[in-house]
Amino acid sequence: MATLIDQEFFARLHALNEKFAASVPATLARLEQLRAQFDPAAADAILVKELHQSLHTIAGSAATFGFRVFGAQARQLEQRLRVLMAFELIAPKDWNDWLLALDAYIVWARQDPKAATYPGQPD
């Protein structure tokens with residue numbers, strides 16, 4: 001039998017789950033806004049940093065709240081972005097490849113951010 005403390009803990013966790021789920025559309029809208037401002041021919045370092053931070057936040061929080069694949073895909077995008085950030089010069093094609101992956105992630109997440117699979121990824 002669950003103790004009162006367990007019940008309170010799970011009630012708080014459920015409330016945090018609901019809060020995270022409710023924040024997903026705004027999070028995706030923010031990613032879309034940042035993406036729309038992104039110029040692959042002249043990447044803005046502040047914009048890149050903000051994209052990185054947004055993906056890092058998603059990756060760090062999503063699995064905790066039952067959005068495992070949503071978080072894992074954000075982590076992959078974040079890691080790819082971190083590699084690009086390590087170079088002084090990045091070709092527009094490399095930025096475009098990354099942006100296409102970001103676009104696909106946003107489209108997928110808009111459909112069902114709690115989905116258990118991501119297209120092209122093993123189950």
Side-chain angles (χ1 to χ4, degrees):
M1 184 169 180
T3 66
L4 181 59
I5 293 171
D6 290 339
Q7 291 172 359
E8 290 174 5
F9 170 78
F10 287 113
R12 284 194 308 271
L13 185 58
H14 179 72
L16 290 171
N17 264 353
E18 295 298 315
K19 184 177 179 180
F20 182 84
S23 75
V24 169
T27 299
L28 293 174
R30 182 64 183 144
L31 285 175
E32 287 175 322
Q33 179 185 36
L34 294 169
R35 194 273 182 252
Q37 297 172 22
F38 200 98
D39 178 2
D44 179 292
I46 294 170
L47 187 62
V48 170
K49 190 173 185 173
E50 193 168 346
L51 278 162
H52 178 266
Q53 183 58 46
S54 294
L55 291 165
H56 180 78
T57 299
I58 294 167
S61 302
T64 302
F65 300 113
F67 292 73
R68 186 185 59 78
V69 177
F70 181 60
Q73 291 307 124
R75 178 74 67 212
Q76 285 186 7
L77 284 166
E78 174 199 6
Q79 289 172 348
R80 284 180 62 191
L81 182 57
R82 191 176 301 144
V83 169
L84 291 173
M85 292 167 69
F87 294 96
E88 191 170 318
L89 295 174
I90 298 108
K93 183 203 178 308
D94 292 328
W95 281 125
N96 281 322
D97 289 345
W98 185 84
L99 290 167
L100 287 173
L102 177 63
D103 292 342
Y105 172 73
I106 292 168
V107 167
W108 169 83
R110 284 253 178 240
Q111 293 173 353
D112 183 7
K114 237 181 168 177
T117 61
Y118 189 82
Q121 297 293 319
D123 296 341

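Sequence positions, counted from 1, serve as the residue numbers for this chain. Keep in mind it's a predicted model, so treat the numbers as computed, not measured.
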Distance-minimising heavy-atom pair for [X] and [Y]:
{"X": "Leu34", "Y": "Ser54", "result": "CD1-OG, 4.0 Å"}
{"X": "Ala116", "Y": "Val69", "result": "O-CG2, 3.1 Å"}
{"X": "Ala59", "Y": "Glu78", "result": "CB-OE1, 4.0 Å"}
{"X": "Leu102", "Y": "Leu77", "result": "N-CD2, 3.8 Å"}
{"X": "Arg80", "Y": "Ala101", "result": "NH1-CB, 3.2 Å"}
{"X": "Ala41", "Y": "Pro92", "result": "CA-CG, 4.0 Å"}

To the nearest 0.5 angstrom, please state how far the [atom1] atom of [X] sits from the [atom2] atom of [Y].
{"X": "Ile58", "Y": "Gln53", "atom1": "CD1", "atom2": "CD", "result": "10.5 Å"}
{"X": "Glu50", "Y": "Leu55", "atom1": "CD", "atom2": "CG", "result": "11.0 Å"}
{"X": "Phe20", "Y": "Lys114", "atom1": "CZ", "atom2": "NZ", "result": "10.0 Å"}

What do the steps show when you test Ile90 against Met85 for side chain to side chain contact (heavy atoms under 4.5 Å, CB included), and what is the final call? CA-CA 8 Å; Ile90 298 108; Met85 292 167 69; over 6 Å; no

When you look at Leu84 and Asp94, which way does the side chain to side chain contact (heavy atoms under 4.5 Å, CB included) test go after all the steps? CA-CA 8 Å; Leu84 291 173; Asp94 292 328; 4.0 Å; yes

Hydrophobic cluster identity match, [X] and [Y], side-chain contacts under 4.5 Å:
{"X": "Leu51", "Y": "Val83", "result": "yes"}
{"X": "Leu47", "Y": "Leu99", "result": "yes"}
{"X": "Val107", "Y": "Val24", "result": "no"}

Pair Phe65, Phe70 - check side chain to side chain contact (heavy atoms under 4.5 Å, CB included), show working. CA-CA 10 Å; Phe65 300 113; Phe70 181 60; over 6 Å; no

So, Arg35 and Glu32, do they make that salt bridge, N to O below 4.0 Å?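 So Arg35 does not pair with Glu32 through a salt bridge.
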
May I ask you to check whether over 12 heavy atoms, not counting those of Leu100, lie within 6.0 Å of atom CG? yes

For atom CZ of Arg68, decide whether the heavy atoms of other residues, nucleotides or ligands shown that lie under 6.0 angstrom number more than 12. no

Pairwise ring-ring contact (aromatic ring centres under 6.0 Å, His included) hits with a residue in residues 72-102, at least two apart: Phe38-Trp95

Can you label the angle between the Trp108 ring and the Tyr118 ring as parallel, tilted or perpendicular, going by 30° and 60°? perpendicular

